[in-house]
Amino acid sequence: MKNILVYIFILVSTISYGQHFYAMDIEVERGREKDVKTIFDNYFEKYDTEGMSVLIFRNQIGDFNILSSHTVVWIGSIDQLNNGFNGEYFKGSDSTVFWKSLWEISEFKQDYTGDIVSADGDATSDKDQDYQIVYGVTPKSRSQFIKSWDKMMKKLNVKGSRHLIATPFLNRMYNSSVIGVNIGKDYKSTIEGLNKIWDSKEWSEFSEESGGWQVNVSFSRKVIARYD
């Protein structure tokens with residue numbers, strides 16, 4: 001596992017802007033979610049996150065034919081991710097025990113890295129904003145899609161929610177070139193935030209200007225643990 005991560009972040013080091021993420025989909029044995037959280041709790045009680053944010057998600061409503069039960073995401077600057085996964089994050093025997101314990105009760109499914117290229121809305125992804133609705137999208141033109149999205153969101157100036165656009169670049173996440181992450185307190189508030197966008201004239205303009213797109217996957221997920 002360490003060799004895989006080192007290889008990934010050597011490649012990531014060629015990118016130098018914005019926030020970056022490494023995400024790992026895992027299938028947790030039924031009834032063992034609390035045990036996974038305990039493994040992470042124990043590790044991060046002893047070691048910090050090297051400046052990264054680490055989140056564990058339980059995947060919920062959506063396209064479960066291609067989803068795992070849980071996703072772990074590391075978020076930070078390119079230097080933090082590189083430093084963390086190329087040395088500082090691995091603490092000898094403790095790290096070995098950490099990964100061994102995790103793989104005893106879960107199965108690695110896939111991983112991917114990417115950039116967060118757009119962030120709008122006044123809600124922050126803290127302990128009160130733990131619900132997310134995620135869309136994997138393939139636009140006809142990624143640059144045109146993101147430019148049109150940014151234009152729409154600046155006009156809307158949304159309140160009470162947060163909306164991110166991410167672009168995977170190593171392993172396409174759910175066969176998509178754009179990932180939309182919509183953040184709210186719970187399912188109701190997150191959907192309400194999306195409906196405000198979808199019902200607006202700015203959305204109609206975006207639909208015309210973005211060049212068209214295809215939604216490949218949509219699902220919701222909830223943060224069950226967060227480490228900073």
Using the salt bridge (charged side-chain N to carboxylate O under 4.0 Å, His left out) rule, collect all pairs that involve residues 133-153, keeping only residues at least two apart or in two chains.
Lys151-Glu209
Do you know which two heavy atoms are closest between Tyr43 and Asp94, and how far apart they sit?
CE1-O, 4.1 Å
Heavy-atom side-chain contact between Val72 and Val36 under 4.5 Å:
no
Set of residues satisfying side chain to side chain donor-acceptor pair (under 3.5 Å) with respect to Glu202, sequence neighbours excluded
none
Taking atom CD of Gln132 and atom OG of Ser220, what is their separation to the nearest 0.5 Å?
10.0 Å
Side chains of Thr49 and Trp74 in contact at under 4.5 Å (non-hydrogen atoms)
no
Between Glu27 and Ser69, is there a donor-acceptor pair closer than 3.5 Å when you use the side chain of the first and the backbone of the second?
yes
Would a 4.5 Å heavy-atom cut-off, applied to side chains only, mark Asp130 and Arg226 as touching?
yes
Supply the atom-to-atom distance Tyr135 OH to Phe219 CZ, rounded to the nearest 0.5 angstrom.
11.0 Å
So how far is it from Ile56 CD1 to Met24 CE, rounded to the nearest 0.5 Å?
9.0 Å
Can you confirm whether Phe108 sits close enough to Leu102 that some side-chain heavy atom of one is under 4.5 Å from a side-chain heavy atom of the other?
no
Taking only residues two or more places apart in sequence, or in another chain, which ones meet Ser200 in a side chain to side chain donor-acceptor pair (under 3.5 Å)?
none
For Thr38, give me all partners under side chain to side chain contact (heavy atoms under 4.5 Å, CB included), at least two apart in sequence or on another chain.
Asn42
Tyr227 and Asp41: side chain donor to acceptor below 3.5 Å
yes
Find out if a path of hydrophobic residues (ILVMFWY) with successive side-chain heavy-atom gaps under 4.5 Å connects Trp103 to Ile105.
yes
According to side chain to side chain donor-acceptor pair (under 3.5 Å), who are the partners of His163, at least two apart in sequence or on a separate chain?
Ser161, Asn182
To check you understand the geometry: which heavy-atom pair defines the closest contact between Asn59 and Ser68, and what is its length?
ND2-O, 2.9 Å
Flag the pair Val158 / Met153 as yes when at least one side-chain heavy-atom distance between them is below 4.5 Å, and no otherwise.
yes
Please name all residues satisfying salt bridge (Lys or Arg N to Asp or Glu O under 4.0 Å) with Glu104, sequence neighbours left out, ordered by chain then number.
Lys100
Of the non-hydrogen atoms in Lys185 and Thr190, which two are nearest, and what is the gap between them?
N-OG1, 4.2 Å
ring-ring contact (aromatic ring centres under 6.0 Å, His included) with Trp213: which residues, sequence neighbours excluded?
Phe145, Trp203, Phe206
With sequence neighbours left out, what residues match Lys34 under salt bridge (Lys or Arg N to Asp or Glu O under 4.0 Å)?
none
What pair of heavy atoms forms the shortest contact from Lys222 to Tyr131, and how long is it?
CB-CD1, 4.4 Å
Closest heavy-atom pair and its distance - Gly184, Ser189
C-OG, 4.0 Å
Can you sort out the partners of Ser176 under side chain to side chain donor-acceptor pair (under 3.5 Å), two or more places apart, ordered by chain and number?
Asn216
To the nearest 0.5 Å, atom CD1 of Ile116 lies from atom CD of Gln19 at 5.0 Å
Report yes if the side chains of Arg58 and Val28 come closer than 4.5 Å at any heavy-atom pair, otherwise no.
no
In this structure, are over 12 heavy atoms from other groups packed under 6.0 Å from Tyr187 atom OH?
no
Tell me, please, which residues at least two apart from Arg32 pass salt bridge (Lys or Arg N to Asp or Glu O under 4.0 Å).
Glu29, Asp35
Could you list the residues that satisfy side chain to side chain contact (heavy atoms under 4.5 Å, CB included) with Asn195, not counting sequence neighbours?
Ile191, Trp198, Asp199
Looking at CG of Leu164 and CH2 of Trp149, how far apart are the two atoms once the value is rounded to the nearest 0.5 Å?
9.5 Å
One pair to check against salt bridge (Lys or Arg N to Asp or Glu O under 4.0 Å): Glu192 and Lys196. What are the steps and the verdict?
CA-CA 6 Å; Glu192 286 174 349; Lys196 289 178 183 178; over 6 Å; no
What residues, two or more places apart in sequence or in another chain, satisfy salt bridge (Lys or Arg N to Asp or Glu O under 4.0 Å) together with Lys201?
none
Shortest non-hydrogen contact from Ile179 to Gly136?
CD1-CA, 3.9 Å
What I'd like to find out is whether the side chain of Asp120 reaches to under 4.5 Å of the side chain of Leu156, using heavy atoms alone.
no
Between CD1 on residue Ile224 and CD on residue Glu33, distance to nearest 0.5 Å:
3.5 Å
